[in-house]
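Accompanying notes for the structure given below.
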Amino acid sequence: MGKRKPVVVLSSSDDEVARTRSTGRVRGLSESSSKSLSAARKKTRSGKSNGGSDVRHSREAEAAKFAALSEDFCGCLQNFHLTRGNQCTKCKELWIDKYEPSSIAQLAVHKKKIEEVKCWLEDRLVTSKGSLGNVLLLTGKAGVGKSTAVRVIASQLGAQLCEWTTPTPTLWQEHVHNVNSGLRFVSKLDEFEAFVGKIGKYSLLCPGSSGASSEPNIILIDDLPVTNGRVAFERLKKCLTSLSLSAQLPIIILITEYHKVDIGENSTNHCEELVSFLERAGAHKVAFNPLTVNSIKKALSMLCQEEQCDVTPEQIDQIAKASGGDIRNAITSLQYCCLRPDNLLISPVSTLLETNAKFYSDRSRLSPFTGLLEEGELVSTYIPCGRDETLSLFHALGKFLHNKRDADAFSFGSESLILKDKYARKPLKMDAPEKILSQAYGKARPVTDFLHENVLDFINDGSIDDAWLVTSYLSDADCLLGSFSHISRLGIFSEMYEPQSLSQSVASSVAIRGVLFGNSQPLSSRWHIIRSPRLWQIEHSAKKLMNQTMNEKFDAFNGFVSSMSQIITEYRPSIRWFNSHCKDRLDNEELAKSSAHSRPDDSEDGTSKEDSDDEIEDW
Amino acid sequence: MLWVDKYRPRVLDKITVHEEIAQNLKKLVSEQDCPHLLFYGPPGSGKKTMVMALLKEMFGASAEKVKLEQKAWKIAAGTRNIELELAMLASTHHVELNPSDAGFQDRYIVQEIIKEMAKNRPIDSKGKKGFKVLVLNEVDKLSKEAQHSLRRTMEKYSSSCRLILCCNSSSRVTEAVRSRCLNVRLNAPSAEQIIEVLELIAKKESLQLPPGFAARLAAQSNRSLRRAILAFETCRVQQYPFTVNQAIPPLDWEQYVSEICSDIMKEQSPKRLFQVRGKIYELLVNCIPPEIILKKLLSELLKKLDSELKHEVCHWAAYYEHRMRLGQKAIFHIEAFVAKFMSIYKAFLIATFG
């Protein structure tokens, strides 16, 4: 506990300050409960220390040691703070808190969305009749300003926000401690249920009845409890239903959308399901899009002016681009960049930053493409922070397939190495394909299959040569992938190493670059649907048919036929032909007797007969 | 029962197409010294018939009493355990299987089965320890590693079992395996031999064969006896009595390939290529082996092609056939071939007609 103490206290007090500053009227509902919890903890601790004497002895010794340690630690921390404070007096606070918007005009979120939320709230607060649904659902990626927008709008409307404060998560040690001391573990979901129950029951929150404040109340649920497994999820759903039914106050629920790759498939499914569930329950949904680069840039440059720090517009531009529409991240990055290197020379962080930047600039100077890049790109400084950009697989595929190029730029390598016109291509309007692929977490095999399935749609209809070039590169890629499986046959690599394998990444690179290079006259971009590879389906059903034939093999052919290919290419077509022909005959004439020789066991597999008829129709 | 099976010779004496080889084999077996055997030859030349007749000669009627087993093999290979299921035909004296059905794990099958066969040897009537026969089909489709381990096990267990290997082309069987076997080549039957067989069947079925009809069947069968007999039966179902110039119905997938072929000749564009891909998928989904598709496609294309282009087209077909073996997904390579052909053909058309 001692170790964590300073940190915890700091952050929570910061929180408190920030919140009171921004809205001025936030009440924590679960505060009381947490208080009682901590009281209970204290009690148990004192009770414990009265336990067995020898145990206590050793424990005391340990505690003393620990106290000494934690003192040291705190001392360090304080020292750290002191030195930092000395160096840059300006940045006492995190800028995110310092520059939290206080008016609607300052919000970086799109005006329409804000208007929508505001209208919704106004409707509820003014009419305050239960005729309309009382639940508003805000969705969006992390850091697009959902919570901030709600706070600002609420304060604008003069409404009081009642927030469901998420209880601090229980650590395992704490849990063990609690259990030992006889405290029952209360799951977060239970607490949430209790909260919902309270809202329904107590008149305290009902408008008008309390009389304590004439201001309208809004309930904000920022963080729905995490559910694990079906049962818990159902409970949460039930809970939310009762909430939306019993609500007499406007309720705002915020749901953060996660990127699919960030978190396991399962929880995203839950998230999506939850959103659609709430919508069905009558919630009004407003989706917040990621912020545009421009609006982030605007916000950042305003910040810069206020702080009077000299950050070049290029840097701001880069921060804004790297943030991926996440303003919280962008501001933190900006603050980090504004740490003046000369002020922080002693701090290891800055040197690290410098060396990093140096390293990167060195590398870019050394890289063989330097001559090919434009000057502006070379100058662009490396920013050591910012989020790793992630792309969905389909986004990446779209980039590869659409193959956008700078139309008016000179073709690649016009100065440094001379290429024939045939091989010269305009520079790509994207990052290196490998980088995009790694951002999309693409694996070689599926990516190659997807490209193969879709690439022909994107090739100019007159140029069959391009089509050949592309397909030949894909064929190369397939060979590379195939050679990998040859290696694995020998048992050198087990499946564990598959993603790291060199030939995999080479294959995907060949496939992607082949598609990009081969398609020399890309079609002007228009709407295309990216299909999932039909090949997978084909392979699946072919395998099924193969197994089926294997089983039939013995019955139908008396075990005489040696190979599958013979059965499939010779016997089966003939038998199909007989069957269909016999059928025709039976319909036309009374020659049924003469067809007895065709197959004695016709009756046995009437089903397969129908199947084969279907197949013939397909063909 | 199909005529192919109905009129299959069951004993070595009745084999007419490779009579000499049959007689030699009979002598070989009667002398009680049977080496490992490797039968090779083009499809429809009678390898399988020969093997079955030979087995009957060796073990009598009990060799024909076979049953199908789906046997699950559990093989410990180094650190991991491999579980495989493979269908096999077994009588008391022989086991027949297609090891290449096990895919890339074929080498484990080869080792394990031979080991197990060697363990339980049958005892013949004289109380002497006999040997079991293992018939392996499609040996040429085995991977190199599997053939290697086949070689080793052949040597180790040669006292307790005999191997009969069947394949189309001996060139894909390693030297080591070939030199340990008695190689028997069964060449494709000549047109006369096929006509002979067809006439025999007609006699037994008491059908009237119009003159020249059998010859036409034989010519279209591409020297495959099986194909000829199947086509014969198809004609019988189609129409009887036969007419002199009765059309011989082609196999449905071959017809489909020639449709694809005419599609390719008509238009050369990415869109058409996409349509062709869809049609090739139709073939693949019916388990037609991709090598056969490519081969048939090539022969159909060559029929309609100017002799000037034939060489180049053949070159690319061979190139992509090789690639197909290296790679995993055949469609990539077939499609690349089609695209290459389109590109060549279009360039040719432009050059010729402007």
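Here is the naming used below: chain letters follow the sequence lines, and residue numbers restart at 1 for every chain. Predicted model only: the values in this text are computed from it and were never measured.
Of the atoms belonging to B/K329, heavy atoms from both backbone and side chain fall under 4.5 Å from chain A. Neither the backbone nor the side chain of B/V338 has a heavy atom closer than 4.5 Å to any heavy atom of chain A. Residue contact with chain A, scored on non-hydrogen atoms closer than 4.5 Å, involves the side chain of B/Y320 exclusively. With a 4.5 angstrom heavy-atom cutoff, A/Q537 does not touch chain B via any of its atoms. With a 4.5 angstrom heavy-atom cutoff, B/L273 touches chain A via backbone and side-chain atoms both.
Looking at residues two or more places apart in sequence or on another chain, you find a side chain to side chain contact (heavy atoms under 4.5 Å, CB included) between A/P446 and A/K443, A/W536. Not a single ring-ring contact (aromatic ring centres under 6.0 Å, His included) links B/H94 to another residue, sequence neighbours left out. For B/F232, the ring-ring contact (aromatic ring centres under 6.0 Å, His included) partners are B/W3, B/F242, not counting sequence neighbours.
Inspection of non-hydrogen atoms places A/T448, A/D449, A/H452, A/E453, A/L456, A/I459, A/N460 of residues 447-460 of chain A under 4.5 Å from chain B.
Judged by distance alone, the side chains of B/S169 and B/D140 never bring a donor and an acceptor atom under 3.5 Å apart.
Aromatic ring centres of B/Y319 and B/W316: separated by under 6.0 Å.
At a threshold of 4.0 Å, the pair B/E291-B/K295 does not count as salt-bridged, since none of the basic side-chain nitrogens sits closer than that to a carboxylate oxygen. Using a 4.0 Å cut-off between charged nitrogen and carboxylate oxygen, B/R272 and A/D461 do not count as a salt-bridge pair.
The two atoms that bring B/Q238 and B/A247 nearest to each other are OE1-O, 3.3 Å, heavy atoms only.
Side-chain contact between B/E233 and B/I201: absent, with no pair of heavy atoms (C-beta onward) separated by less than 4.5 Å. In this structure, the side chains of B/K204 and B/S206 stay at 4.5 Å or more apart for every pair of heavy atoms.
Of the residues considered (B/H333, B/Q268, B/R277, B/K271), B/R277 shows the highest number of contacts with chain A, using heavy-atom pairs under 4.5 Å. Chain A forms more heavy-atom pairs under 4.5 Å with one residue of B/A231, B/G44, B/S224, B/P249 than with any other, namely B/P249. Counting heavy-atom pairs closer than 4.5 Å to chain A, the top residue among B/E335, B/R323, B/M342 is B/R323.
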